[in-house]
Amino acid sequence: MSTMNMIQAINSALDVMLDRDDDVVIFGEDVGYFGGVFRCTAGLQKKYGKTRVFDTPIAEGGILGTAIGMGVYGLRPVAEIQFADYIYPAFDQLVSEAARLRYRSGGEFWAPITVRAPCGGGIFGGQTHSQSPEGVFTHVCGLKTVMPSNPYDAKGLLIAAIEDDDPVIFFEPKRIYNGPFDGHHDKPLVPWARHPQGEVPDGHYRVELGKAAIARPGSEVTVLAYGTMVHVCLAAVEESGIDGEVIDLRSLLPIDIDSIVESVKKTGRCVIVHEATRTSGFGAELSAQVQEHCFYHLEAPIQRVTGWDTPYPHAFEWEYFPGPQRVTRALTAVMEG
Amino acid sequence: MSTMNMIQAINSALDVMLDRDDDVVIFGEDVGYFGGVFRCTAGLQKKYGKTRVFDTPIAEGGILGTAIGMGVYGLRPVAEIQFADYIYPAFDQLVSEAARLRYRSGGEFWAPITVRAPCGGGIFGGQTHSQSPEGVFTHVCGLKTVMPSNPYDAKGLLIAAIEDDDPVIFFEPKRIYNGPFDGHHDKPLVPWARHPQGEVPDGHYRVELGKAAIARPGSEVTVLAYGTMVHVCLAAVEESGIDGEVIDLRSLLPIDIDSIVESVKKTGRCVIVHEATRTSGFGAELSAQVQEHCFYHLEAPIQRVTGWDTPYPHAFEWEYFPGPQRVTRALTAVMEG
Amino acid sequence: MNPSQRLSLHIPEPPARPGEEPDYSAMRIPPAGGLERPPVDAAATALHGYADALIRVLDDSGAACGEWAPQIDPQTLRDGLRAMMLTRIFDDRMLRMQRQGKTSFYVKSTGEEAVAVAQAFALDDGDMLFPSYRQQGLLIARGHSLVDMMCQVFNNTRDRLKGRQLPIMYSVREKGFFSISGNLGTQYPQAVGWAMASAMKGDTRIAASWVGEGTTAEPDFHHALTFASVYQAPVVLNVVNNQYAISSFQGFAGGERATFAARAIGYGIPGMRVDGNDFLAVYAVTRWAAERARRNCGPTLIELFTYRADAHSTSDDPTAYRPSSEGARWPLGDPIERLKQHLVGLGQWSEAQHTGLAAELDAKVKADLKEAESYGTLSTPPDSPRSMFEDVFKDVPPHLVRQRQEMGY
Amino acid sequence: MNPSQRLSLHIPEPPARPGEEPDYSAMRIPPAGGLERPPVDAAATALHGYADALIRVLDDSGAACGEWAPQIDPQTLRDGLRAMMLTRIFDDRMLRMQRQGKTSFYVKSTGEEAVAVAQAFALDDGDMLFPSYRQQGLLIARGHSLVDMMCQVFNNTRDRLKGRQLPIMYSVREKGFFSISGNLGTQYPQAVGWAMASAMKGDTRIAASWVGEGTTAEPDFHHALTFASVYQAPVVLNVVNNQYAISSFQGFAGGERATFAARAIGYGIPGMRVDGNDFLAVYAVTRWAAERARRNCGPTLIELFTYRADAHSTSDDPTAYRPSSEGARWPLGDPIERLKQHLVGLGQWSEAQHTGLAAELDAKVKADLKEAESYGTLSTPPDSPRSMFEDVFKDVPPHLVRQRQEMGY
Ligand SMILES: Cc1ncc(C[n+]2csc(CCOP(=O)(O)OP(=O)(O)O)c2C)c(N)n1
Ligand SMILES: Cc1ncc(C[n+]2csc(CCOP(=O)(O)OP(=O)(O)O)c2C)c(N)n1
Ligand SMILES: [Mg+2]
Ligand SMILES: [Mg+2]
């Protein structure tokens with residue numbers, strides 16, 4: 001057991017997997033000698049050699065195209081997309097190839113790739129270093145989409161993703177790399193070292209894909225969130241005094257609908273929170289499913305708290321970011337509604 | 001006034017716009033001399049010359065990248081993506097560029113492009129000639145997404161799209177190019193010539209983007225659909241004997257939420273139908289918005305009838321396609337529920 | 001400079017359109033046997049000339065000439081001829097099936113059979129193939145069951161792809177034949193990735209991939225060449241220049257300005273241009289490239305110059321955009337005829353043998369077809385629709401179980 | 001062939017890593033003035049040699065040599081020197097602003113000033129520029145207001161981009177300077193499209209665009225070259241090879257195997273390689289390419305060989321991946337020093353004038369900064385957040401009005 005921040009936990013997951021499985025290879029822009037712009041692969045090239053951990057050309061489509069080929073050969077490639085905002089040039093290889101390969105080949109070929117991509121805002125990254133594109137991947141049959149909210153889950157989910165025989169997109173909310181940022185940007189960040197989920201086993205363990213976690217049990221309203229927003233929601237629940245049950249989805253697809261339904265049937269109310277833009281974001285799917293399954297238990301309209309439907313504006317970061325105040329407002333509304 | 005099928009109506013819209021506005025140019029794979037694999041641009045190169053209507057390299061990203069540049073120059077480019085399934089290589093230019101250009105440049109530059117893309121299945125096209133990817137574009141701030149259901153609207157919406165100063169993705173449900181296919185694949189197709197909306201003015205007219213149409217008024221349940229599914233829903237309503245109000249959305253973004261809300265408040269019930277896969281499809285957003293706006297009017301859970309969450313399977317086309325039977329089942333369920 | 005000169009846009013125009021007479025008199029066809037065969041470890045920079053050249057072995061009389069003439073025993077050549085003939089007969093027969101409504105779609109490779117067949121012969125059996133939709137000859141050359149291929153085209157009860165794929169989008173793992181994608185070019189970087197993996201693992205197998213000349217404009221062409229160059233991947237990348245991409249002639253892919261083999265130069269990769277209708281030349285160049293890759297000397301790009309003798313697919317009618325006489329006038333002939341002539345010249349084949357073989361293959365295809373049809377055609381779906389929900393993921397997740405149940409299964 | 005030979009993967013390795021001594025002794029630096037200046041309408045095929053060459057005008061003594069030496073009057077050269085110096089001083093000062101927390105991010109162009117400045121001088125004012133984030137020199141050379149640039153970097157009340165963009169992602173329509181994208185390479189095909197439009201309309205203006213050598217691996221590089229070639233678009237496409245892409249040396253973009261100028265060959269486009277730190281050579285080659293484009297002779301790819309003398313951006317620390325002595329040992333010198341030396345040699349400049357100009361520019365930048373800061377810095381947002389909902393579309397649609405109201409505006 002060690003104290004790790006999320007970068008260290010991710011590094012540890014990669015280290016464990018490189019060590020256990022000779023077929024694991026890691027590559028991406030600046031991930032080799034340098035160790036990644038966020039340092040998630042620091043030290044790994046030195047430890048495992050240049051053909052296990054290496055730099056690539058700046059071509060996200062080429063990175064994922066070759067990753068698929070390696071996966072078909074029998075390797076377990078882990079590719080880094082430097083920022084989630086830069087995943088779009090690889091969209092075709094993900095959507096048309098990785099996602100459909102097993103299906104279209106009648107199960108003959110598949111691509112057990114893991115795609116790591118730092119996502120989300122709150123770091124003054126502007127419109128091209130702040131996006132949360134997870135929603136679109138959940139519309140693509142054949143991809144699994146994951147987003148951890150803490151170092152323990154990050155390591156366990158990443159190991160599970162690498163060991164999974166399906167392609168997994170693993171989004172890393174970079175705002176919480178160093179600590180559980182709760183949206184109070186004017187207060188100092190608590191480091192992971194002072195958070196229970198900063199305690200991370202050194203060795204191998206898995207956090208199952210497709211299982212949500214109850215981040216905080218509660219009785220009055222179910223709050224669905226993932227990534228950074230889990231901490232924002234926890235803060236809002238505390239500050240509002242409303243007894244919210246905060247569910248950390250962890251895995252968006254497959255989604256742990258049973259845990260969600262159980263909670264909403266209990267509370268009768270639901271608030272959904274994500275940083276991504278609202279229209280057709282993953283919150284829409286959550287809302288649709290909750291009302292499909294829990295219609296007769298709902299006592300108020302489901303509320304969505306999300307990024308606005310605009311690009312991420314650099315100077316108005318905190319007006320854009322769905323912080324605890326906005327979540328609190330939604331909690332209050334859903335209690336009244 | 002002429003009788004036109006949807007291909008002719010689209011051709012007519014392009015013809016009218018090429019004639020009216022010297023800045024309109026049309027290009028794409030096989031659209032020039034040949035006139036397009038679906039013949040939508042037939043005759044136009046001959047009429048307007050090779051620099052107004054021309055073929056391109058097979059590079060969807062290049063087509064839209066250059067289209068944006070032409071738009072910045074001051075032209076109104078209309079680009080064809082041969083099948084919507086092949087729009088993904090252009091995803092980055094659409095999402096990161098066309099959609100954000102006006103915003104990121106503070107309004108200095110914009111890309112008034114129109115992207116035409118035949119979409120949808122039911123033509124035995126298999127997984128790469130049948131997709132309905134409209135949902136992901138509605139998650140992208142700065143794009144407008146449109147899908148007509150008949151020749152009259154196709155022409156009027158396409159003209160409005162070309163004249164619009166924002167980028168518009170114009171999806172053409174190819175299954176209804178020749179007639180209002182209602183999902184009864186074992187019955188002969190009624191041609192547009194025998195349908196009132198096959199009557200199309202020869203000249204210029206616009207169908208405003210962002211306005212839905214009531215395809216059939218009704219009192220018992222609101223049915224939200226677009227493209228081919230409008231006809232499937234109309235058939236299902238007739239066959240079920242349930243007095244459904246079928247709303248043809250026409251424009252997904254911007255969405256005519258007022259018309260939807262008005263109808264659902266009246267009927268108290270809602271069924272959403274699209275051909276695209278279910279999870280995180282546009283139906284999710286519709287469902288979320290309907291329950292946000294009409295929660296206290298809803299008498300039963302909103303139902304979604306969609307393509308299954310699998311790639312489009314060639315041999316099981318009709319098991320996959322959300323036909324009138326499945327819609328009828330949902331109508332019945334929502335009446336009982 | 002005259003600043004008032006107005007700019008104008010160039011739009012490529014093919015040599016001839018319907019109603020015009022194609023004229024190939026200006027086409028530069030170098031003589032067979034005129035080029036050196038460089039050592040397989042030659043520096044890429046020493047090979048620039050091959051990108052503008054046309055490697056040819058068979059001369060007009062069918063004799064094999066020059067350094068590139070490969071050492072192949074007559075039996076192998078006869079096997080190659082057989083595979084090409086079988087491919088053509090198979091194609092013709094399957095086209096008829098489509099016309100009869102027994103399947104929805106078909107793509108022929110008529111006129112281009114030497115590409116797939118000679119290349120399959122030049123590669124090792126363990127080498128991994130990442131084809132486009134027009135290399136059915138690879139499967140036939142590797143001796144794959146025609147019945148199996150037909151069952152896929154028919155989407156019948158024995159369709160190994162469970163009715164999921166468009167006809168001809170084969171996938172045959174045991175023959176090292178990768179699942180064909182409907183999306184152009186995506187297999188190209190995948191082949192490079194496979195080859196990189198093989199190199200990482202100290203394997204001896206190489207990869208090969210194919211795209212049409214039209215597809216070179218797609219990003220994945222660039223990705224493949226970049227990654228192959230950077231990591232010196234053991235891969236043979238082929239561009240089948242059949243001069244058409246549906247209705248667009250090669251000028252819309254850049255063919256007016258340079259050869260497709262020349263694309264390789266900028267990546268420091270050898271670009272070898274070969275007469276794609278010359279079985280021996282295709283075999284020799286592919287063998288050279290494969291050997292080069294296997295010796296860790298890196299990737300090669302091969303442009304196979306040929307002519308799409310028939311329609312793009314069953315959805316296409318080429319008379320709408322090119323003169324119908326064009327194919328007959330195309331000067332590089334037919335690959336089957338040319339190999340036949342060579343074998344006859346060697347005294348290893350005769351007109352009678354040829355007619356006999358054609359009849360035998362025809363009978364074989366008919367018999368296979370009969371068997372395949374006995375398992376059904378498009379109207380007889382392969383399996384229960386229940387299988388529709390399988391293989392989206394390795395295990396069927398709960399939401400797909402629910403949807404399957406919703407469908408009634 | 002030895003079939004049992006095991007394959008292995010090549011991973012590029014830069015000449016030197018931290019702790020090692022960079023050694024440029026093997027670098028081939030051709031003498032200045034050694035190359036012919038071909039006519040601007042020369043066939044692309046006649047120009048292959050320039051892709052492997054290095055066009056240089058200024059020799060070690062600062063004298064202009066050979067056919068490529070452009071005819072520029074001394075005042076223009078002094079203006080060029082001034083613009084380069086101003087760019088460097090501006091960069092240095094803005095870096096300090098970032099370090100002081102007055103903005104979130106900055107990107108310098110130190111060592112590469114000749115690229116943007118000489119190219120801006122070589123193009124006409126009406127020509128449209130599609131830059132990457134490292135060509136601030138273009139704006140400065142076109143005389144754009146530094147205050148305006150600073151206000152964008154500060155995202156203050158006068159930020160013409162309304163606080164929406166990351167610092168340095170300028171957009172200045174009236175200077176023909178296209179909105180910079182954070183996504184690498186996307187501007188390249190856009191420039192080609194703009195040039196195509198200009199040609200369609202019979203205009204006389206051409207387009208120019210810039211990417212780094214690392215960015216050549218992106219698909220849009222390939223798209224731009226393909227479309228430029230097919231339609232012979234009047235565009236000048238520049239690759240700034242500063243040898244680094246963040247931490248990755250040029251080998252990861254293919255630089256171990258061929259030059260970046262050589263990429264052009266496969267598209268039938270001239271690829272001209274130029275000493276990017278030689279103001280006169282950059283000017284001359286750009287002028288040649290611009291003239292070529294303006295005469296309807298099509299596009300040109302220019303590789304500008306230079307060195308990124310400083311960090312990638314304020315988020316980067318290059319000592320982690322390259323020897324800190326590398327920059328000093330880099331043999332092609334500093335563009336400002338070299339032009340200064342040339343002017344001094346001509347008797348058109350002096351040490352005293354240089355010092356005086358430096359002081360003047362320094363004072364100017366300070367004064368401008370004072371003004372810009374008076375409109376606020378990052379902590380003083382530009383406008384009401386209400387504007388956040390504008391310009392997503394031309395008109396604010398109902399759902400954004402609702403969201404704005406939800407936000408309380
Ligand atoms: C990404 C993508 N874009 C467009 C298409 C439609 N399409 C199918 S085949 C084809 C032409 C391909 O031409 P070429 O690469 O020369 O191959 P050939 O058919 O000549 O063998 C086109 C445009 C597609 N399948 N995928
Ligand atoms: C599509 C995309 N991928 C990755 C990045 C992250 N990134 C920003 S700059 C950079 C390096 C670019 O190097 P180069 O093209 O050589 O330009 P230079 O910085 O040297 O001027 C990278 C990888 C990005 N901005 N966009
Ligand atoms: Mg072709
Ligand atoms: Mg660089």
Side-chain angles (χ1 to χ4, degrees), chain B residues 22-23 25 27 49 51-52 54-75 77 89-90 92-93 95-113 141-144 164-167 209-210 253-258 289, chain D residues 128 130 152 159-166 169-174 178-183 185-201 203 205 207 209 218-220 222-224 226-231 233 235 387 390-395 397-400 402:
Chain B
D22 279 350
D23 290 332
V25 290
F27 49 96
T51 53
R52 302 278 313 277
F54 55 89
D55 292 325
T56 62
I58 303 175
E60 292 76 11
I63 293 170
L64 294 192
T66 52
I68 292 168
M70 293 178 206
V72 168
Y73 180 91
L75 304 188
D92 191 47
Q93 282 287 345
V95 170
S96 307
E97 299 295 315
R100 298 173 197 273
L101 179 54
R102 187 190 291 277
Y103 195 78
R104 78 170 195 232
S105 71
E108 285 200 341
F109 295 104
W110 60 93
I113 67 174
C141 321
L143 297 181
K144 295 182 176 173
D164 198 282
D165 284 332
D166 294 312
L209 306 186
L253 201 128
I255 181 79
D256 185 355
I257 189 68
D258 294 343
Q289 288 200 32
Chain D
M128 186 72 191
F130 291 80
Q152 195 284 319
D159 174 8
R160 61 155 73 204
L161 306 186
K162 307 177 189 173
R164 298 200 189 120
Q165 264 285 34
L166 211 60
M169 299 287 180
Y170 311 110
S171 174
V172 187
R173 191 181 178 96
E174 72 272 21
F178 185 66
S179 157
I180 298 173
S181 175
N183 298 63
T186 48
Q187 72 278 15
Y188 232 45
Q190 293 165 1
V192 173
W194 195 98
M196 288 171 68
S198 185
M200 282 173 203
K201 291 306 227 181
D203 198 339
R205 295 172 298 160
S209 189
E218 286 288 6
D220 281 323
H222 180 51
H223 293 145
T226 305
F227 281 68
S229 164
V230 167
Y231 304 106
V235 63
S387 76
E390 285 157 19
D391 297 325
V392 179
F393 296 97
K394 189 180 182 194
D395 304 308
H399 72 284
L400 283 178
R402 262 195 306 275

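We name chains A, B, ... by the order of the sequence lines, and we start the count at 1 in each one. What you see is a predicted model, and the numbers here were worked out from it, not measured in a lab.
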Counting heavy-atom pairs under 4.5 Å to chain D, which of [options] comes out on top?
| options | answer |
| --- | --- |
| B/Ser96, B/Pro167, B/Pro89, B/Pro254 | B/Ser96 |
| B/Thr51, B/Asp92, B/Val25, B/Val72 | B/Val72 |
| B/Ile68, B/Asp258, B/Asp166 | B/Asp166 |

Given heavy-atom pairs under 4.5 angstrom as the criterion, report whether the side chain, backbone, both or neither of [X] touches chain B.
| X | answer |
| --- | --- |
| D/Met169 | neither |
| D/Val392 | both |
| D/Tyr231 | side chain |

Side chain, backbone, both or neither: which part of [X] has a heavy atom under 4.5 Å from chain D?
| X | result |
| --- | --- |
| B/Ala59 | both |
| B/Asp22 | both |
| B/Leu64 | neither |
| B/Glu108 | both |
| B/Asp256 | neither |
| B/Ile63 | both |

Original post:
Once the angle between the rings of D/His223 and D/Phe227 is folded into 0 to 90°, is it parallel (under 30°), tilted (30 to 60°) or perpendicular (over 60°)?
Top reply: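 Answer is perpendicular, since the angle exceeds 60°.
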**OP:** For the pair B/Phe27 and B/Phe54, name the ring-plane relationship: parallel under 30°, tilted 30 to 60°, perpendicular over 60°.
**Re:**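 Parallel.
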Subject >> Most contacts with chain B, counted as non-hydrogen pairs under 4.5 angstrom, among D/Val230, D/Val172, D/Leu400 >> reply: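 The option with the most such pairs is D/Val172.
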Subject >> Most chain B-contacting option - heavy-atom pairs closer than 4.5 Å, from D/Ala197, D/Pro397, D/Ala224 >> reply: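 Option with the greatest count: D/Ala197.
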Hey, is the main chain of [Y] close enough, under 3.5 Å, to the side chain of [X] for a donor-acceptor pair?
| X | Y | result |
| --- | --- | --- |
| D/Arg164 | D/Ser387 | yes |
| B/Thr66 | B/Gly62 | yes |
| B/Arg102 | B/Asp165 | yes |
| D/Gln152 | D/Arg160 | no |
| D/Gln165 | D/Ile180 | yes |

Original post:
Are D/Arg205 and D/Ser198 close enough that a side-chain donor and a side-chain acceptor fall under 3.5 Å?
Top reply: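 Their side chains do not contain a donor-acceptor pair, so the 3.5 Å distance test is not met.
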Original post:
Which atom pair, heavy atoms only, marks the closest approach of B/Val95 to B/Ala99?
Top reply: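 So the two residues come closest at O-CB, 3.6 Å.
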